[in-house]
Asks: 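Sharing a structure below in structure tokens format, with a few things to ask.
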Amino acid sequence: MHKKIWLFIGILCLGFTPIVAQKSAVYTHELEEYDRALGLYKESQYQSAQILFDKIISENNDAELQSDCAYYSAYCAIRLNQANADEQMENFVKNYPTSPKQNQAYVEVAHYYFEEGKFPQALDWFDKTDESALSYHELDKYKFQKGYCYFSAGKKKEATPYFNSVLNSKEYGSQAKYYMGFMAYEGDNYKEAAKYFDEVSGEEKYKEKLSYFQADMNFKAGNFQKAIDLGIAAMPKSSAQEKSELNKIIGESYFNLKQYDNAIPYLKEYKGKKGKWNNTDFYQLGFAYYQKKDYEKAIPQFNKIIDGKDAVAQNAYYHLGESYFKSDLKQQALNAFKNASEMTFDLKIQEDASLNYAKLSYDIGNSYQPVPDVLYAFLEKYPNSPSKQEVETLLINSYITAKNYKGALEVLEKNKNFANKEAYQKVTFYRGLELYTDGSYTEALALFKKSIGEPKNAKFLARATFWKGETEFVLDNFSESLSSYKQFMAMGEAKSTPENKNINYNVAYDYFKLKDYDQAGNYFQNYIDVVKDDKVRLNDAYLRLADSRFVMTKYWPAMDAYNKVIELKSVDADYAAFQKGISYGFVGKNDRKIEDLSKFVTTYPKSQYKDDALFELANTYVAQKKDDLAIKTYDQLLTEFKNGSYSSKAILRQGLVYYNAQNDTQALLKLKKIAAEYPKSPRQSKRLPLRV
């Protein structure tokens with residue numbers, strides 16, 4: 001029985017030996033092809049390797065071998081950048097979930113994409129990787145590359161722990177420190193950045209980049225000279241973009257050190273962010289030119305940023321105004337200062353711009369608003385300005401220039417704290433003149449007194465004193481007026497005033513009104529001796545001189561003066577001629593009196609003094625016993641002035657002439673005529689000897 005069994009087994013074994021041998025040969029052949037494919041793979045001949053791996057998969061049923069070949073084929077597809085490479089790798093993971101190469105597939109693909117610079121794709125595969133399954137060496141590479149993927153995506157917070165974990169790595173530590181330093185640098189944490197950069201500064205591959213960063217960090221830290229030194233050293237080995245930035249760093253560092261000559265060449269070489277300058281760039285170059293007093297070059301730089309609405313624009317407007325002003329372009333300066341004054345980013349600049357705007361408005365005028373409004377607005381906004389007194393003076397002067405003395409006075413009266421008392425003195429004086437001209441004499445007098453009460457300016461004190469006297473004269477306060485005029489004459493500045501020309505004339509009139517005719521005549525003579533060009537007043541002075549001498553019975557001097565009036569052919573020539581004729585009678589020259597009065601009647605037929613002349617002429621004829629001429633002259637008077645003030649007197653005088661000539665009939669007729677026609681006849685002439 002046992003023999004049969006072993007015999008069967010032996011036969012069975014003999015029968016299957018060729019089949020097993022055949023199978024082993026096939027498997028061995030496939031392993032050789034696998035090794036050959038793997039060799040091609042390792043030699044980076046991915047296309048050939050992929051073909052063999054795919055062939056083995058299709059011809060072999062061994063799951064493990066198929067799994068390995070599927071992994072390598074998919075990896076080759078990735079390396080060959082085939083369109084469905086991602087899908088192939090996903091299929092490998094899906095079809096062979098138990099493959100030990102699954103995690104390796106994730107990390108290898110991630111590494112590949114990383115090396116290709118496709119960091120978002122790499123990060124996707126890193127995220128699928130189980131890092132706990134990685135070896136120590138693989139883990140460092142994984143962490144560094146994943147950290148860099150986050151870094152390149154701008155996710156610095158996510159990148160930081162990965163870089164931190166490999167800081168001490170022999171292979172990746174330096175790179176991690178560099179990027180940690182760079183992230184600190186970009187986050188303006190220069191202390192942290194400097195620490196990391198210092199740790200890698202000895203490595204040649206970082207030196208060029210570090211020079212740029214260190215220059216920038218020193219600039220931002222305010223170490224401008226060091227920034228300049230580092231920037232200049234980094235310039236030769238830097239890229240075009242870096243050179244542009246270094247020019248900015250060096251130029252701005254010189255700018256901050258106030259070395260504007262050195263700053264300008266570097267500032268000009270800066271290309272800007274993305275090829276464009278910002279407002280600060282234009283401002284710095286413009287300000288550097290401004291500091292060199294090269295206003296022609298400063299102005300266009302400032303003008304490039306005037307549409308801004310920030311502190312830089314306000315500064316630009318201010319220095320643009322300064323540049324225009326120093327180039328004698330005052331209207332453009334006014335506009336620039338106006339814009340700077342309307343911005344509130346820098347209050348000091350705003351105040352300075354407002355001051356310049358106000359002063360320029362006073363200097364050249366302002367088309368935007370009245371100049372006094374600009375000046376007053378400045379004082380209201382900046383009551384403690386060091387320039388307060390200067391602006392107050394300009395304000396009042398602007399009112400004076402515009403002849404708006406009422407407005408100026410209102411401002412001064414409301415602001416008793418105005419320091420400029422001289423301005424108050426001037427304004428009250430000019431406002432007093434306005435009121436005087438308008439006939440408001442009482443109000444004018446009050447203002448002249450106020451002006452005198454602030455005797456800051458000697459000339460205006462003198463002028464106000466004169467006009468005080470003038471106003472008092474108009475108000476019939478002749479004694480006070482005379483006192484004011486005398487005070488004026490005693491002042492040293494009086495002779496430099498326009499009023500001084502007429503002071504003798506005015507004093508003379510006060511004496512004349514006070515009936516001190518002797519003094520009046522003297523002052524009229526003083527005026528005549530000095531003034532020759534004012535014909536109207538000169539004529540009146542001669543006339544009043546004559547009247548004064550006449551009253552004082554100084555007839556010959558009076559007649560000389562009356563003659564001057566006649567020679568001047570003024571409107572008062574008839575009065576002077578009449579007075580001159582009368583004067584001859586007082587010096588016993590009745591023949592000349594008759595001659596002059598007769599001539600007067602002919603020369604001035606329409607004079608208001610004609611009836612006076614006829615009456616005086618007739619009376620003189622009576623005195624000369626020329627009765628016929630007297631009667632005839634009285635008749636002429638009665639004919640031409642039937643209802644005149646001399647009519648009754650003329651008839652009465654005719655009656656007396658007839659009576660003295662013993663012609664009682666004619667005398668009686670004249671007396672009866674008076675009684676009948678002039679029952680209330682006046683007893684005196686219509687006029688006084690003088691026009692006082």
Side-chain angles (χ1 to χ4, degrees), residues 9 11-146 148-149 171:
I9 293 171
I11 294 169
L12 185 64
C13 289
L14 290 171
F16 277 96
T17 298
I19 297 172
V20 172
Q22 183 180 0
K23 183 178 180 182
S24 296
V26 171
Y27 185 71
T28 300
H29 173 71
E30 289 172 347
L31 286 176
E32 288 175 355
E33 285 197 328
Y34 174 77
D35 288 338
R36 188 156 60 89
L38 195 60
L40 291 169
Y41 168 82
K42 289 178 180 179
E43 292 174 1
S44 301
Q45 298 185 36
Y46 299 116
Q47 185 68 63
S48 299
Q50 186 184 42
I51 293 171
L52 279 176
F53 284 132
D54 289 343
K55 180 172 182 281
I56 294 168
I57 292 170
S58 65
E59 295 178 353
N60 191 284
N61 294 324
D62 186 278
E64 183 178 353
L65 187 60
Q66 284 184 330
S67 171
D68 288 347
C69 287
Y71 164 74
Y72 287 119
S73 177
Y75 192 81
C76 286
I78 298 248
R79 290 289 184 179
L80 292 169
N81 202 23
Q82 293 175 351
N84 63 341
D86 287 0
E87 185 180 346
Q88 287 188 56
M89 191 60 77
E90 291 283 1
N91 288 335
F92 163 74
V93 174
K94 179 180 178 182
N95 295 332
Y96 304 99
T98 60
S99 170
K101 286 186 169 54
Q102 186 182 63
N103 197 57
Q104 192 67 29
Y106 291 147
V107 74
E108 288 293 341
V109 174
H111 289 329
Y112 167 72
Y113 279 129
F114 182 89
E115 289 164 6
E116 290 292 305
K118 298 177 180 179
F119 303 117
Q121 295 94 320
L123 189 58
D124 287 341
W125 289 93
F126 278 132
D127 284 342
K128 296 173 183 178
T129 303
D130 178 7
E131 64 180 73
S132 65
L134 299 175
S135 68
Y136 180 81
H137 176 73
E138 289 175 326
L139 193 59
D140 276 359
K141 183 177 182 181
Y142 162 82
K143 287 184 176 180
F144 173 76
Q145 290 188 351
K146 188 171 184 180
Y148 188 88
C149 288
E171 185 173 353

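Just so you know, residue 1 is the first one in the sequence shown, and it goes up from there.
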Asks: Given side chain to side chain donor-acceptor pair (under 3.5 Å), test Q82 with Q50 step by step and report yes or no.
Replies: CA-CA 12 Å; Q82 293 175 351; Q50 186 184 42; 2.9 Å; yes
Asks: Please give me the minimum heavy-atom distance between K94 and P97, naming the atom from each residue.
Replies: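 So the minimum-distance heavy-atom pair works out to O-CD, 3.6 Å.
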Asks: I'd like to know whether the aromatic ring centres of Y96 and Y71 sit less than 6.0 Å apart in this structure.
Replies: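 Ring-ring flag for Y96/Y71: false, centres at least 6.0 Å apart.
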Asks: Please enumerate all residues that pass side-chain contact (heavy atoms from CB on, under 4.5 Å) together with A122, with sequence neighbours excluded.
Replies: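 A122 satisfies side-chain contact (heavy atoms from CB on, under 4.5 Å) with Y113, F114, F126, C149 only.
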Asks: Could you pull out the closest heavy-atom pair between Y34 and D68, with the gap in Å?
Replies: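 For Y34 versus D68, the nearest heavy atoms are OH-CB, 3.5 Å.
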Asks: Taking all non-hydrogen atoms of both residues, which atom of L65 and which atom of I56 are closest, and how far apart?
Replies: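 For L65 and I56, the tightest heavy-atom pair comes out as CD2-CG2, 3.8 Å.
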Asks: Please report the interatomic distance OG(S48) to CZ(F53), rounded to the nearest 0.5 Å.
Replies: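 One gets 11.0 Å once the value is rounded to the nearest 0.5 Å.
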Asks: With E87, which residues qualify under side-chain contact (heavy atoms from CB on, under 4.5 Å), at least two apart?
Replies: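 side-chain contact (heavy atoms from CB on, under 4.5 Å) check on E87 returns N84, N91.
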Asks: What's the separation between atom CZ in F119 and atom CD in Q145, rounded to the nearest 0.5 Å?
Replies: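 Nearest 0.5 Å value for the CZ-CD distance: 9.0 Å.
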Asks: For residues F92 and S99, report the shortest heavy-atom separation together with the two atoms involved.
Replies: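 So the minimum-distance heavy-atom pair works out to CZ-OG, 3.4 Å.
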Asks: How long is the straight-line distance from CD of E116 back to CZ of R79, given to the nearest 0.5 Å?
Replies: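 The distance works out to 7.5 Å.
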Asks: Tell me, yes or no, whether the heavy-atom count around E131 atom CD, taken from other residues, nucleotides or ligands under 6.0 Å, exceeds 12.
Replies: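 Counting neighbours around CD of E131, more than 12 heavy atoms of other residues, nucleotides or ligands fall under 6.0 Å, so yes.
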Asks: Looking only at heavy atoms, what is the nearest atom pair of D54 and S73, with distance?
Replies: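 Taking D54 first and S73 second, the nearest heavy atoms are OD1-OG, 2.6 Å.
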Asks: Is Y112 reaching over with its side chain to a backbone N or O of I78, donor-acceptor style, under 3.5 angstrom?
Replies: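 Indeed, once roles are kept as given, a pair shorter than 3.5 Å links the two residues.
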Asks: Can you list the steps and then say if L52 with R36 is a side chain to side chain contact (heavy atoms under 4.5 Å, CB included)?
Replies: CA-CA 8 Å; L52 279 176; R36 188 156 60 89; 3.7 Å; yes
Asks: Which heavy-atom pair separates V109 from M89 by the least distance, and what is that distance?
Replies: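 V109 and M89 have their closest heavy atoms at CG2-CE, 3.4 Å.
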